[in-house]
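Here's the structure we're looking at; comments come further down.
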Amino acid sequence: MQSPGTDWCRNVAGAVMWPAGDPNAVEPIIGPGGMPPQGCRCFSDAEHQILNDEVPEPAYQQRVDELEVLARQECAALVPPGFDHNCFETATEPASVDIAFGNGAGSCIGSCTYIKPPPGGTCDDLDLPAQCDGGGPGGSGSVEGTGDPAGSSDTIVADSSGGDQGDEESSGAGGLHASDFIECDGSQCQIDAGFARMLYQDPALLLDESTRLRFDAKTRRFELVSVRSGSVAWALGLRSGDRLESIDGHEIDSLDRALSIYAQGAAATSISVRIIRGTQWLDFELSFVP
């Protein structure tokens, strides 16, 4: 069961930055087109219904919180090296985030699992997003398309994903949500060691994601393409168009060099990654924590 998703966004209001150590030289953080920093995600029809109706409450809050994280991450991604900022809640006076708002039809195909409650059960018995024919936590009513067309099955599962344009939602590595295992403050990221080990031992799990590395023979650098929200690369603060310069100080200018550095990373507890975004150098520090 596939249908185009709907883009939902949140703006970061009052986002500012200043040269490190000089908080008096404050200036606003401006997104593309002169807009405030904005975090968006393409939601499926069912999630769109949840955000429109604000029910069920746990599902609504989960998605609103997710959009806030995306907005704050996008805010921090706009800050050049050498500047402090108030994008995150850890700042003395953090920037605020506007309420979620629909932004029209998305170009992606929404991913969703449609589930009916077990016989005699309620929405409380389901994993989010809860899809019920009747009442549930936070409200009542049904989401169109959640019924059983055959009238005989208790569970209907329709899992779809697609689209190949822009920074849209990507299915997580191995069906997992990268944001559950990666926590970043600016360019400083902590990664669950078990999650990192799983991906290192089985890189094929990343094939579920849209993110790809494309080698540019002219610049002799790998470029990230199709980085979408929900992916490992996005959670680490990387974006489409970023070029990989070095890892732990080793220049990555060929496939052989990339594979050599990859082979040395099995026992690493931290990794330093330098990328080029436009004309700026950005350094990321990735730490693996239990």
Between [X] and [Y], is any pair of side-chain heavy atoms under 4.5 Å apart?
| X | Y | answer |
| --- | --- | --- |
| Gln38 | Glu74 | no |
| Arg220 | Ser254 | yes |
| Val232 | Phe195 | yes |
| Arg72 | Val97 | yes |
| Leu224 | Leu244 | no |
| Cys42 | Asp7 | yes |
| Leu67 | Trp8 | yes |
| Val227 | Ser240 | yes |

**Q.** Exceeds 12 heavy-atom contacts within 6.0 angstrom, atom CD of Gln61
**A.**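 Check passes, neighbour count above 12.
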Q. Is it the case that more than 12 heavy atoms not belonging to Glu27 sit under 6.0 Å from its CD atom?
A.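 More than 12 heavy atoms, drawn from other residues, nucleotides or ligands, come within 6.0 Å of this atom.
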For [X] against [Y], the heavy-atom pair lying closest together:
| X | Y | result |
| --- | --- | --- |
| Ala95 | Ala13 | CB-O, 3.3 Å |
| Ala258 | Phe222 | CB-CE1, 4.2 Å |
| Gln73 | Trp234 | OE1-NE1, 3.6 Å |
| Ser229 | Cys40 | OG-O, 4.1 Å |
| Tyr262 | Leu199 | OH-O, 4.3 Å |
| Gly14 | Asn86 | O-ND2, 3.2 Å |

Spacing of [atom1] belonging to [X] relative to [atom2] belonging to [Y], to within rounding of 0.5 Å:
| X | Y | atom1 | atom2 | result |
| --- | --- | --- | --- | --- |
| Met35 | Asn11 | CE | CG | 6.0 Å |
| Glu68 | Ile99 | CD | CD1 | 13.0 Å |
| Arg277 | Leu282 | CZ | CG | 5.0 Å |
| Cys75 | Leu70 | SG | CG | 13.0 Å |
| Ser246 | Ile275 | OG | CD1 | 10.5 Å |
| Phe288 | Arg197 | CZ | CZ | 10.5 Å |

Q: May I have the step-by-step check of side-chain contact (heavy atoms from CB on, under 4.5 Å) for Val64 and Arg10, ending in yes or no?
A: CA-CA 8 Å; Val64 168; Arg10 296 189 75 179; 3.1 Å; yes
Do [X] and [Y] belong together in a cluster built from hydrophobic side chains that touch within less than 4.5 Å?
| X | Y | answer |
| --- | --- | --- |
| Ile191 | Phe284 | yes |
| Val12 | Leu78 | no |
| Leu238 | Leu213 | yes |
| Phe215 | Ile261 | yes |
| Val79 | Trp18 | no |

Q | Derivation of the side-chain contact (heavy atoms from CB on, under 4.5 Å) call for Val69 and Ser179 | A | CA-CA 9 Å; Val69 171; Ser179 58; 5.8 Å; no
Q.
Would Met17 and Asp84 count as a side-chain contact (heavy atoms from CB on, under 4.5 Å) here? Give the steps.
A. CA-CA 6 Å; Met17 60 184 179; Asp84 291 329; over 6 Å; no
Q. Where do Asp180 and Asp192 land on the side-chain contact (heavy atoms from CB on, under 4.5 Å) test, with the steps shown first?
A. CA-CA 9 Å; Asp180 292 339; Asp192 181 270; over 6 Å; no
Q. Within the side chain of Arg257, is there an N or O that forms a donor-acceptor pair under 3.5 Å with the backbone of Ile252?
A.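 Judged by distance alone, no pair lies under 3.5 Å.
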Q: Give me the one residue out of Asp283, Asp248, Ile247 that meets side-chain contact (heavy atoms from CB on, under 4.5 Å) with Arg274.
A: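 When side-chain contact (heavy atoms from CB on, under 4.5 Å) is applied between Arg274 and each of Asp283, Asp248, Ile247, only Asp283 qualifies.
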**Q.** From Arg214, Arg243, Arg239, residue fulfilling salt bridge (charged side-chain N to carboxylate O under 4.0 Å, His left out) relative to Glu223
**A.**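 Considering Arg214, Arg243, Arg239, a salt bridge (charged side-chain N to carboxylate O under 4.0 Å, His left out) with Glu223 is found only for Arg214.
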